[in-house]
Amino acid sequence: MALHPYFSVSDISEIQVDGLQNLNYLDQLKNRTRFTDHDKTITFKSQFDRIYLSTPNDIRIVDKKKQKTIVVHKEGQVDAVVWNPWEKKVEDLGTEDYRRFVTVESAAVEKPITVNPGQEWKGILQMSVVPSS
Ligand SMILES: O=P(O)(O)OC[C@H]1O[C@@H](O)[C@H](O)[C@@H](O)[C@@H]1O
């Protein structure tokens, strides 16, 4: 299960996603093979589709061109999906639309959440925008 917002960005090739360094991820483009991300930050140069495992609650989308950072705050789901289709055809998206968004999703992949009849599950996904340089 994932809560799946699309975030508007100035230019996908100029933004970075912070907060997921040194974490394990499943690469959706390689049959969910498990890797560890040793990069300082996430940048985008081609199709990107990863499930980061056991992430911190806050993940930041830094958009230098817009001089703002989107802080994605989640509680209740421990994983996070970061996705951009690049030039891969996606229904409902125009050919150049991939340049202007990224998804950072709150997700429960490795340990799915089961909600039985009569039970309740509560998750939080909060987005805020802060100025940055
Ligand atoms: O359901 P949507 O909004 O079309 O999103 C599809 C994408 O959602 C992402 O969460 C997946 O990691 C991608 O593999 C998938 O293509």
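Throughout, residue positions are numbered sequentially from 1 according to the sequence presented. Both counts, for ligands and for their atoms, begin at 1 and track the order of listing.
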Atom 8 (O) of ligand 1: nearest protein contact (heavy atom, Å):
H4 NE2, 3.0 Å
Among all protein heavy atoms, pick out the one at the shortest distance from atom 3 (O) of ligand 1; state its residue, atom name and that distance to 0.1 Å.
Y6 OH, 2.5 Å
Starting from atom 12 (O) of ligand 1, what is the nearest protein heavy atom, named by residue and atom, and what distance separates them?
D49 OD1, 2.6 Å
Considering the options Q77, H4, K74, which one meets the side chain to side chain donor-acceptor pair (under 3.5 Å) requirement together with S106?
Q77
So that I can tick it off, tell me whether K66 and E14 are bridged by a salt bridge, with the cut-off set at under 4.0 angstrom between side-chain N and carboxylate O.
no
Backbone or side chain, does any N or O of E105 fall under 3.5 Å from an N or O of ligand 1?
yes
Find the distance between CG (D27) and CG (L29) and round it off to the nearest 0.5 Å.
5.0 Å
Just by distance, with hydrogens left out, do H73 and N57 show a side-chain donor and acceptor under 3.5 Å apart?
no
Under 4.0 Å from any heavy atom of V81, which atoms of ligand 1 are there?
10 (O), 12 (O)
Please work out whether the ring planes of Y6 and W83 are parallel, tilted or perpendicular, with thresholds of 30° and 60°.
perpendicular
Note: E91, heavy atoms under 4.0 Å from ligand 1, region reported as neither
